[in-house]
Amino acid sequence: MAKLVDLEKDYVLNMFSVEGKVALVTGATGALGKTLAKAYGYAGAKVMMTGRSEDKLKALEEEFKSEGIDCAYFIADPAIEEQVDALIKATVEKYGEINILAIAHGYNKPQNILEQSVSDWQYIMDADCKSVYIVLKYTAHQMVEQGKGGAIVVVTSQRSKRGLANYTAYCTSKGGADLMVSCAACDLTAEYGIRVNSILPTVFRSELTSWIFEGDAYKGFLTRQPIGRLGEPDDFVGMAIFLSSEASKFMTGGNYDCSGGYLVM
Ligand code: NDP
């Protein structure tokens, strides 16, 4: 008869490890992308960072290397298929494989549906949804070819689950990305061992949101935050490493709240 409890001590001690893995991080020039890239690097992963801003990527590479992190960068727009194809090839050329994908790029320009042009709406859909599809698909192809599974973590938003004035593009694209994660898990996990999950943050400090932290708006936001504060980029590191590691081996297709309790009120 199979043992009911078959737990190895080594498994427990190492289950959060991403050491030696190759992590590809999109939006690495942004607040969260940089933080996640550095976290994977501190945890012993080799990190390929991507974004569209060469100056920022170059500076990140210098900063990370000075801390002993094994990293490189490749410039690519995640919504352009040829550039993503080149990114995957460059990552494999540099590090031999890809084990973890963290998608942390994103864009928003809030506008009322009555004032927003269709092309402005489409731009956000491309930046936040089509781009996720392209990066996820190309990375999945690479992971399938490698034949040893992988972990894909997509940063979406609490706004994927709730509407808001002026957010018909952002909420729609993030909601689409969350369902994409669930569908991709159905395509990729059982057959190929590639787990796909998303993290749903609430507002956290970045270039775009720093005004919230500095003004009266902050108090208003706190009325919906049981944890008593808004987020900082490092609040999401634990969840990202968890979803990238063996510790989450039974989790796929999920959209995981990481919002200081935003959804409970
Ligand atoms: P930042 O604005 O700090 O960085 C986002 C990065 O995405 C940028 O560095 C940029 O890199 C890239 N980017 C910007 N515009 C585009 C575009 N049109 N197409 C492709 N890439 C683009 O973002 P955050 O770190 O604040 O956010 C990270 C993720 O978390 C995003 O998906 C965001 O939607 C989500 N999120 C953020 C919240 C917050 O409060 N900040 C709350 C909830 C979710 P480059 O210009 O080099 O390409």
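In each ligand, atom 1 is the first atom listed, and ligand 1 is the first ligand listed. Model, not experiment: these values are computed from the prediction.
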Taking non-hydrogen atoms only, is [X] closer than 4.0 angstrom to ligand 1 via side chain, backbone, both or neither?
X      : answer
Lys174 : side chain
Ser53  : both
Thr209 : side chain
Pro78  : side chain
Leu57  : neither

I need the atoms of ligand 1 closer than 4.0 Å to a non-hydrogen atom of [X], numbered in the order shown.
X      : result
Thr29  : 8 (C), 9 (O), 10 (C), 11 (O), 45 (P), 47 (O)
Gly30  : 1 (P), 3 (O), 4 (O), 9 (O)
Gly51  : 47 (O), 48 (O)
Thr156 : 35 (C), 36 (N), 44 (C)
Ala104 : 28 (C), 29 (C)
Ala127 : 17 (C), 18 (N), 19 (N)

With salt bridge (charged side-chain N to carboxylate O under 4.0 Å, His left out) as the criterion, how do Glu97 and Lys148 come out once you've worked through the C-alpha distance, each side chain's angles and the decisive distance to 0.1 Å?
CA-CA 10 Å; Glu97 60 182 356; Lys148 44 180 173 168; 2.7 Å; yes

Please indicate, with yes or no, if any protein heavy atom is found under 4.0 Å from atom 4 (O) of ligand 1?
yes

Salt-bridged, [X] to [Y], with N to O below 4.0 Å?
X      : Y      : answer
Glu93  : Lys89  : no
Arg205 : Asp234 : no
Asp257 : Lys161 : no

Can you tell me the protein heavy atom closest to atom 30 (O) of ligand 1 and the distance?
Val155 CG1, 3.3 Å

[X] heavy atom under 4.0 Å from ligand 1:
X      : value
Arg205 : no
Thr202 : yes
Ser131 : no

Given the ring of Tyr262, does Arg224 sit roughly above its face, with NZ or CZ under 6.0 Å from the centre of the six-membered ring and within 45° of the axis?
yes

Distance under 6.0 Å and angle within 45° of the ring axis: does Lys109 meet both against Tyr170?
no

Side chain or backbone, does Gly33 bring an N or O within less than 3.5 Å of an N or O on ligand 1?
no

Backbone or side-chain N or O of Ser206 under 3.5 Å from ligand 1 N or O:
yes

Per side chain to side chain contact (heavy atoms under 4.5 Å, CB included), Val135 is matched among Thr50, Leu101, Val154 by Leu101

Would you check if the side chain of Gln225 reaches a backbone N or O of Ser259 as a donor-acceptor pair within less than 3.5 Å?
yes

